[in-house]
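As the structure is a prediction and not an experimental result, all values here were calculated from the model. Per chain, numbering begins at 1; letters A, B, ... match sequence-line order.
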Amino acid sequence: MNQRLKQHICNALQICYERGTLKSAQLPEIALEVPARAEHGDFSTNLAMVLARAERMAPRKVAEALVAVLEESAAEWGRVEIAGPGFINFFLASGHWFEILDEVLRRGADYGRSNFGKGKKVQVEFVSANPTGPLHIGHGRGAATGDAVAAVLAAVGYQVQREYYLNDAGNQMQTLGRSLLLRYRELLGEAVEFPDDCYQGDYIRELAQEVLESKGRALLELTEDEAIEQIGAYGGGRIRDGIDQDLEDFGVYFDNWYSEQSLYDRGEVERGIALLRERGLTYELDGALWFKTTDFGDDKDRVLVRSNGVTTYFASDVAYHKEKYERGFDLVIDVWGADHHGYVPRMKAVLAGLGRDADDLQCILVQLVNLLRDGKQVAMSTRSGEFVTLRQVIDEVGKDACRFFFLSRRSDSQLDFDLELAKKQSNENPVYYVQYAHARVCSINRNAVEAGIALPAAGEVDFNQLTLEDELALVKQLSRYGEVVEGAAQHFEPHRIVFYLQDLAARFHSYYNKGRVLTDDIETSRARLYLINGVRIVLENALLLLGVSAPERM
RNA sequence: GCGCGAUUAGCUCAGCUGGAUAGAGCGCUGCCCUCCGGAGGCAGAGGUCGCAGGUUCGAAUCCUGCAUCGCGCGCCA
């Protein structure tokens with residue numbers, strides 16, 4: 001609708017130039033917006049004010065010239081008016097709006113999808129939690145965000161891959177093994193000193209207990225190195241299984257798991273460093289090799305190879321990102337905890353060092369989740385290993401509420417997550433409110449079928465039956481869905497869909513309360529059924545993008 | 001100290017990248033079930049958009065400074 005109207009305005013502008021009523025002969029970007037107030041029309045443009053300077057005319061005069069042309073097609077397009085300082089407001093004929101309803105019903109699950117991304121290859125990398133402990137609630141927000149961003153991008157025509165980067169190199173697995181072995185010995189009655197750099201959480205004790213139960217004292221027979229390796233491998237495997245299970249129950253699937261270790265095994269890390277060196281972007285100082293990230297706007301230069309000869313995590317990240325583009329991705333999106341924001345400039349520097357546009361990498365920063373119970377903060381401290389796991393939250397409030405809440409704010413703002421609220425089955429809880437709207441339509445459908453009214457197929461309905469203002473307003477809201485998804489994709493902001501859903505659900509509930517869908521008049525009933533099923537389709541499509549189910553009964 | 005981000009209704013937050021009288025949910029107050037699911041709806045009260053300048057037809061939105069809060073500043077990952 002938007003696009004067609006823009007074209008219409010553009011044509012009118014051309015005619016003004018041909019007739020000489022306007023002179024500047026520019027074709028500026030036409031900005032159309034949906035005014036906040038209904039009295040200002042369905043769409044509004046500030047075009048006249050933008051052109052005023054070049055035309056050397058008052059904005060309202062420019063608007064008059066344009067409107068003179070636009071009014072010639074008023075019969076087809078609807079009323080046009082000039083308002084305020086020079087806005088041109090459009091009141092579209094209702095027939096244009098109802099065409100959209102046909103489109104919704106005809107396209108079904110496809111409604112809202114587009115080719116905006118033109119098949120560009122995008123990779124979304126998210127979660128990527130170290131496999132040394134269970135996923136906690138912060139990882140959950142990252143998972144919900146990454147998955148929704150990926151889904152939204154896929155919906156608007158990008159080719160999307162979801163990837164999990166597995167930090168399986170370095171000494172973390174070693175540390176895991178050491179931590180487990182110490183707890184294991186402790187369980188066997190040894191007095192052990194548990195160092196700070198070991199993993200503190202209770203899950204380490206639980207895993208050690210498992211080992212004890214299956215192997216008894218056998219590990220004590222091994223050398224320390226052997227024991228660390230064995231127990232570490234076992235524990236790492238169990239933790240991985242746990243992560244897999246959590247993600248599955250959260251409805252998040254990855255297309256690819258990428259091993260950091262494999263970068264070393266294939267010599268990618270060496271090649272990455274060599275490339276930067278060849279380009280003259282490195283230097284040696286105090287026995288270490290540095291990357292001049294300050295050339296590209298970073299605060300300070302960063303070490304690639306330490307003076308002891310060991311490469312840094314940053315070095316494998318250089319290789320990892322270099323390799324991403326070699327795999328053919330045009331755009332790479334990294335979803336990180338917001339505490340990593342200082343890492344953004346150096347990764348942008350990597351892009352520049354590779355000779356790519358810095359915008360080919362987008363970092364989405366996900367802020368902390370503040371867990372509340374009845375308004376009071378739940379104690380949480382990752383330092384001591386006392387964190388709330390994603391598992392606990394899924395088990396308590398369910399996947400749907402969890403994902404919906406995680407996505408209900410911009411990802412870069414902190415989130416208060418009230419567990420009691422998320423469990424409530426009332427209008428205080430936005431998840432239920434939206435899902436209930438969907439279930440309600442389904443319920444009416446069942447009643448209709450029972451009453452012998454078949455659900456109308458696309459194009460089978462007389463729109464003249466839909467005369468209520470609320471009905472038109474609902475259709476207008478449905479028409480905006482595509483732009484909402486596109487905006488969410490363009491800005492990597494899935495929360496826009498959450499807000500849209502709440503708005504659509506509210507309009508639907510309000511409509512439902514004002515009158516009956518199923519009336520004595522069969523044609524009216526059919527037309528209203530058609531309308532609410534348009535609503536149902538959009539609710540379902542939008543919920544699916546968020547990874548939240550659209551239940552038929554609740 | 002330097003850098004990044006925030007500051008909008010009592011609370012939690014939107015505000016479509018500069019538009020018209022700043023919006024929503026919760027909470028509060030008062031209403032609505034002979035009615036397809038009340039897990040719902042309607043109405044009301046509630047604002048100096050942190051402060052001060054600047055840019056222009058026009059600023060919550062852009063620029064500068066200040067204040068307060070959060071986070072980050074390893075040859076860790």
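In this view, A:Val344 and A:Trp336, A:Lys348, A:Cys363, A:Leu365 satisfy the side-chain contact (heavy atoms from CB on, under 4.5 Å) rule, not counting sequence neighbours. Taking A:Ser114 as the reference, A:Phe116, A:Val156, A:Glu486 meet the side-chain contact (heavy atoms from CB on, under 4.5 Å) condition, with sequence neighbours excluded.
To the nearest angstrom, C1' of B:rC76 lies 15 Å from CG of A:Asp196. The interatomic distance linking A:Arg373 (CZ) with B:rU12 (P) rounds to 20 Å, in whole Å.
For B:rG38, the OP1/OP2 oxygens have a side-chain nitrogen or oxygen of A:Tyr512 closer than 4.0 Å. Using a 4.0 Å cut-off, no side-chain N or O of A:Arg346 falls inside it from OP1 or OP2 of B:rC73. Put simply, A:Tyr433 has a side-chain N or O that comes within less than 4.0 Å of OP1 or OP2 on B:rG41. Side-chain nitrogen and oxygen atoms of A:His495 include at least one within less than 4.0 Å of the OP1 or OP2 phosphate oxygen of B:rG15.
When ring centroids are compared, A:Tyr481 and A:Tyr500 come within the 6.0 Å threshold.
Here the side chain of A:Phe499 is nearest to one of B:rC35, B:rG15, B:rC13, namely B:rC13. Set against B:rG41, B:rG15, B:rA20, the side chain of A:Ser44 has B:rA20 as its closest nucleotide. Listed nucleotides B:rG40, B:rG15, B:rG41 differ in distance to A:Ser510; the shortest reach to its side chain belongs to B:rG41. When the nucleotides B:rA20, B:rC75, B:rG3 are ranked by their closest atom to the side chain of A:Val303, B:rC75 comes out on top.
Looking at A:Asp197, its side chain has no donor and acceptor atom pair within 3.5 Å of the base of B:rA77. Within 3.5 Å, no donor on the side chain of A:Thr312 pairs with an acceptor on the base of B:rC75, nor the reverse. Not a single donor-acceptor pair, N or O on each side, falls under 3.5 Å between the base of B:rG3 and the side chain of A:Asp299.
Stacking between A:His40 and the base of B:rA20 is present: ring centres sit under 5.5 Å apart and the planes differ by under 30 degrees.
Contacts of A:Gly86 with the nucleic acid, taken as non-hydrogen atoms under 4.0 Å apart, are absent.
Using N1 to N3 plus N6-O4 or O6-N4 for Watson-Crick, or N1-O2 and O6-N3 for G-U wobble, each under 3.5 Å, B:rG38 pairs with nothing.
Sorted by residue number, the members of residues 404-417 of chain A with any non-hydrogen atom under 4.0 Å from RNA chain B read A:Arg409, A:Arg410, A:Ser413, A:Gln414, A:Asp416.
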